[in-house]
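For reference, the structure is listed below as C-alpha cells.
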Amino acid sequence: MTRLLNGIRHLPGYLDRARQEALVAVIRAVVTEAPLYVPVMPTGKLMSVRMTNCGPLGWVTDKARGYRYQPTHPETGRPWPDMPQQLLDIWDDVSGYDKPPQACLVNFYADDARMGLHQDRDEEDLQAPVVSISLGNSCLFRVGGLNRNDPTLSFKLSSGDVVVLEGEGRLCFHGVDRIHPATSTLLRNGGRINLTLRRVRA
C-alpha cells in the first residue's frame, strides 16, 4: 500500500486475477440489465466514457439538470441493478466506514477516452470515502489538491488496483490522463473499466 497526497491510498494488486475475472462477470450482468450509455455534461458536451450504475442510486448528468444522483437509468427508466456482493465486500475491507455504499458508478474507457480533473462532491455524505477499482488496461491517473490549480502527481493504475480517497483527500481533484492500450488481457475487447463506490446520503 502506498499513501499519497492528503489521505489518498493506492492499493496496487489488491485484486488477483481470479477476483478480477469474477468481478468482470458480475459487471457484465449489471450492464446487461442497465446498458452503458454516453452521458452529456451540463455544457452539452458528450463525455468520452460510457457509463452505467448499480446500487440504490446512480450518478448521472445531462444538459437539462446537470450532475445528480437518481434511482433510475436515464434511458431505460428502470431501477439500477442491485450492487453485487463482491463490491460490498471490497468496500467493507478497504473503506473503514460503517455504512454501506449506495452507488457504484461503472465507467468504460476505450483506448482514446479521458477524464478531466474533477472533484467527487455531488454526495451529501462527504465524510464517507470514495473507493475506486481498476479493471483492464492500465491508465495514467492524476491527483492534485483541493483547488484545481494545485500541483498534481501522476501514477499508473493497473488492473486489480484500488484507490481510496478519504480524509482531506476525499475532495482532491483527480482524473485520468490517458489509457495504455494492450496492457491487460482481462477484457476480451480491450479497454478499461473503473468502478467507483460512493456513499451518497448522510
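When reading the values below, keep in mind they use all heavy atoms of this one structure, side chains included, and skip hydrogens, waters and symmetry mates.
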Looking at R199 and E123, does any basic side-chain N land under 4.0 Å from a carboxylate oxygen?
no
To the nearest 0.5 Å, what is the distance between OG (S132) and CG (L105)?
9.5 Å
So F141 and V143, do their side chains get closer than 4.5 Å, heavy atoms only?
yes
Does the side chain of I179 reach to within under 4.5 Å of the side chain of D112, using non-hydrogen atoms?
no
Passing option when Q20 is tested against S134, S184, S159 for side chain to side chain donor-acceptor pair (under 3.5 Å)
S159
Side chains of D122 and W59 only: does a donor on one sit below 3.5 Å from an acceptor on the other?
yes
Taking the six-membered ring for Trp and the single ring otherwise, decide whether the centroids of H10 and F155 are under 6.0 Å apart.
yes
Residue pairs passing the ring pair (Phe, Tyr, Trp, His ring centres under 6.0 Å) test with at least one member in residues 182-202, sequence neighbours excluded, are none
Identify the heavy atoms of A34 and N53 that sit nearest to each other, and give their distance.
CB-O, 4.2 Å
Show the nearest heavy-atom pair for residues R142 and S154, with the distance to one decimal.
CD-OG, 3.4 Å
Less than 4.5 Å apart, side chain to side chain, heavy atoms only: is that true for M47 and M115?
yes
Could you tell me which non-hydrogen atom of C172 sits nearest to which non-hydrogen atom of L146, and how far apart they are?
N-CD2, 4.0 Å
Write down the atom of T152, the atom of G144, and the distance for their closest heavy-atom approach.
CG2-CA, 3.9 Å
Nearest 0.5 Å please: distance from the CG atom of D89 over to the CG atom of D93.
8.5 Å
Before you tell me yes or no, could you show the steps for Y97 and D125 under side chain to side chain contact (heavy atoms under 4.5 Å, CB included), namely the whole-Å CA-CA distance, both residues' side-chain angles and the distance that decides it to 0.1 Å?
CA-CA 11 Å; Y97 203 68; D125 189 353; 2.7 Å; yes
Taking atom CG of L157 and atom CG of L11, what is their separation to the nearest 0.5 Å?
11.0 Å
Give a yes or no on whether L117 and Y67 share a hydrophobic cluster (residues Ile, Leu, Val, Met, Phe, Trp, Tyr; joining criterion: side-chain heavy atoms under 4.5 Å apart).
no
Is there a continuous path of hydrophobic side-chain contacts, each under 4.5 Å between heavy atoms, that joins L135 to L140?
no
Output the distance between atom CG (L171) and atom CG (N147), rounded to the nearest 0.5 Å.
11.0 Å
Do you know which of L15, I27, N194 makes side-chain contact (heavy atoms from CB on, under 4.5 Å) with I133?
L15
Contact between Y109 and R50 at the side-chain level, heavy atoms closer than 4.5 Å - yes or no?
no
Less than 4.0 Å between a side-chain N and a carboxylate O, is that true for D120 and R198?
yes
pair I193-N107: side-chain heavy atoms closer than 4.5 Å:
no
Check whether any side-chain heavy atom of P84 sits under 4.5 Å from a side-chain heavy atom of C54, and report yes or no.
yes
Looking only at non-hydrogen atoms, find the nearest pair between W80 and G58 and report the distance.
NE1-N, 3.2 Å
Please enumerate all residues that pass side chain to side chain donor-acceptor pair (under 3.5 Å) together with E21, with sequence neighbours excluded.
R17
Cation-pi geometry met for R148 and F173 (6.0 Å, 45°):
no
Can you list everything that forms a side chain to side chain donor-acceptor pair (under 3.5 Å) with E33? Sequence neighbours excluded, please.
none
Beyond-backbone contact of L195 with I90, side-chain heavy atoms, under 4.5 angstrom:
no
Could you tell me the separation between the CZ atom of R201 and the NZ atom of K99, rounded to the nearest 0.5 Å?
13.0 Å
Residues 15-35 vs ring pair (Phe, Tyr, Trp, His ring centres under 6.0 Å), sequence neighbours excluded, gives none
In the structure I gave you, are the side-chain heavy atoms of D161 and Y14 within less than 4.5 Å of one another anywhere?
no
Going only through I, L, V, M, F, W and Y residues with side-chain contacts under 4.5 Å, is there a path from V40 to Y69?
no
Looking at every heavy atom in both L57 and P71, which two are closest together, and how far apart are they?
CD2-N, 4.1 Å
Going by the ring pair (Phe, Tyr, Trp, His ring centres under 6.0 Å) test, which pairs reach into residues 27-49, not counting sequence neighbours?
Y37-H73
My understanding is that only residues two or more places apart in sequence, or in another chain, count here; which of them pass side chain to side chain donor-acceptor pair (under 3.5 Å) with R68?
D62, Q70
Establish whether V30 and V200 are linked, either directly or via other cluster members, by ILVMFWY side-chain heavy-atom contacts under 4.5 Å.
no
